Amino acid sequence: MKAAPLFAQVADGPDNGAAWWLQARDGVRIRVGLWHREAAAGTVLLFPGRTEYVEKYGRAAQHFASRGFATLTVDWRGQGLADRLTGDAMAGHVLHFSDYQQDVEAMVGAARALDLPRPWHLLAHSMGGCIGLRAVMDGLDVRSVVFSGPMWGIHMGPALRPFAWSLAWGLRRLGLGHVYAPSTAGEHYVLSEPFETNKLTNDREMWDYMARQIEAHPELGIGGPSLRWLHEALRDMRTLAARPSPALPCLTIVGSDEEIVDVGRIHDRMARWPGGRLEIVPGGRHETLMDTPAVQARLFEMICNFYDRPGNGAAAA
């Protein structure tokens, strides 16, 4: 593990943050960031979504630090400061969705090398929810899991779904899998979309926080997904949908106004998760954990109480 940059001035995380470069099994370089290493209550392994990066979760780490948790998060391959996988650095791209599991493996290896406090818990947002679901199905070493707006399906109309499958498959076969998916481009969403029509948050200050990060460090940002990413995501979500839920305590949070991921798939999965809890946030958009201060405070309190619950918290370690 070698020291990596951490842009603390835009992260607003706890004062004691640090970051490291890691190398996945296939040689791809990724980055992990850690806050509040000396925590007593345990560690949150935080799996970000598509387009996201370590610094975006500095404020989340503040919430967790106030309750005694360390936070370890990651720049997935193809985004943040991790290696980009095509000649177009703004394209969100991956060769195979299962490749993200190599990043998980490297992240867990770092958590062990750093001897991060136990128990470990998972918080997985959006695309990270897809990566995280496969990881816990395959035995990720965590005591409990929380999903936020998990990408277990992509929000699209019934008429568009078969078109998306055929287009992504066909252009990939023609060697054009690196081009952008329809209606997307090489611009970061928070810099190209007006706050008034955004699908992420109701809170202007949080929107500006995200924009300031990309303005200060444009190298963190990416634009739309490639057609190959779309095809690989659709395949992986279909595969996971057929598998049973793991025997882990699970809390899933989704906004009532969610327009990015498929809410029907979330309801279906949670109906099949023994003892799982689904929390609907009234008026919430995709980034419920980056909504108004009142919503953030309520949800982070809920998550920390869930992690601390007898049977899956520090008391049971």
Side-chain angles (χ1 to χ4, degrees), residues 10-14 35-36 41 44-71 73 121-130 132 144-152 155 188-190 193-214 249-267 269-270 273 276-309 313:
V10 298
D12 292 351
W35 285 282
H36 198 46
V44 178
L45 303 182
L46 201 157
F47 287 12
R50 202 192 74 79
T51 80
E52 297 186 327
Y53 43 85
V54 166
E55 285 78 5
K56 187 173 176 180
Y57 285 94
R59 291 185 177 182
Q62 284 279 26
H63 284 285
F64 287 128
S66 72
R67 287 288 297 265
F69 291 98
T71 301
T73 189
H121 305 277
L122 177 64
L123 171 58
H125 174 66
S126 196
M127 182 185 83
C130 182
S144 63
V145 298
V146 175
F147 295 104
S148 160
M151 193 189 79
W152 296 335
H155 178 79
H188 198 284
Y189 184 73
V190 299
E193 184 74 17
F195 168 74
E196 291 73 18
T197 55
N198 90 88
K199 298 179 180 180
L200 301 182
T201 178
N202 292 297
D203 188 72
R204 182 60 190 250
E205 201 281 324
M206 285 302 295
W207 179 258
D208 291 343
Y209 165 74
M210 292 183 257
R212 286 194 302 271
Q213 292 177 335
I214 299 300
C250 176
L251 167 66
T252 294
I253 300 167
V254 65
S256 65
D257 296 349
E258 171 68 64
E259 295 184 84
I260 292 179
V261 299
D262 187 336
V263 176
R265 291 281 189 92
I266 295 172
H267 281 274
R269 166 61 62 186
M270 294 311 296
W273 200 303
R277 173 184 171 189
L278 178 60
E279 178 74 17
I280 307 296
V281 180
R285 301 182 188 180
H286 187 55
E287 301 269 14
T288 56
L289 300 183
M290 297 185 180
D291 210 281
T292 64
V295 171
Q296 287 185 60
R298 182 176 74 84
L299 293 181
F300 278 104
E301 182 76 4
M302 179 187 301
I303 292 168
C304 292
N305 287 341
F306 177 76
Y307 289 155
D308 278 337
R309 191 174 66 184

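Note that the coordinates shown come from a computational prediction; the quantities given were computed from them, not determined experimentally.
Side chains of His36 and Thr71: no donor on one and acceptor on the other come within 3.5 Å. Using modelled atom types, one finds no donor on one side chain facing an acceptor on the other under 3.5 Å when comparing His155 with Glu259. Between Thr292 and Gln296, the side chains place no donor N or O within less than 3.5 Å of an acceptor N or O (distance only, hydrogens not considered).
Tested against His63, the residues Tyr307, Phe300, Phe69 include a single ring-ring contact (aromatic ring centres under 6.0 Å, His included) partner, Phe300.
Asp208 is not listed as a side-chain neighbour of Phe195, based on a closest heavy-atom distance of 4.5 Å or more. Within the 4.5 Å cutoff, the side chain of Ile266 has heavy atoms near those of the Leu278 side chain. Tyr57 places a side-chain heavy atom less than 4.5 Å from the side chain of His125. With a 4.5 Å cut-off on side-chain heavy atoms, Glu279 and Thr252 do not count as touching.
Distance alone, capped at 3.5 Å, is enough to place a donor-acceptor pair between the Thr201 side chain and the Met290 backbone.
Using a cutoff of 4.0 Å between basic side-chain nitrogens and carboxylate oxygens, Glu287 and Lys56 are scored as salt-bridged.
Judged by the 6.0 Å and 45° rule, Arg59 forms a cation-pi pair with Tyr209.
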Any chance you could lay out the salt bridge (charged side-chain N to carboxylate O under 4.0 Å, His left out) test for Lys199 and Glu258, step after step, and finish with the verdict?
CA-CA 7 Å; Lys199 298 179 180 180; Glu258 171 68 64; over 6 Å; no
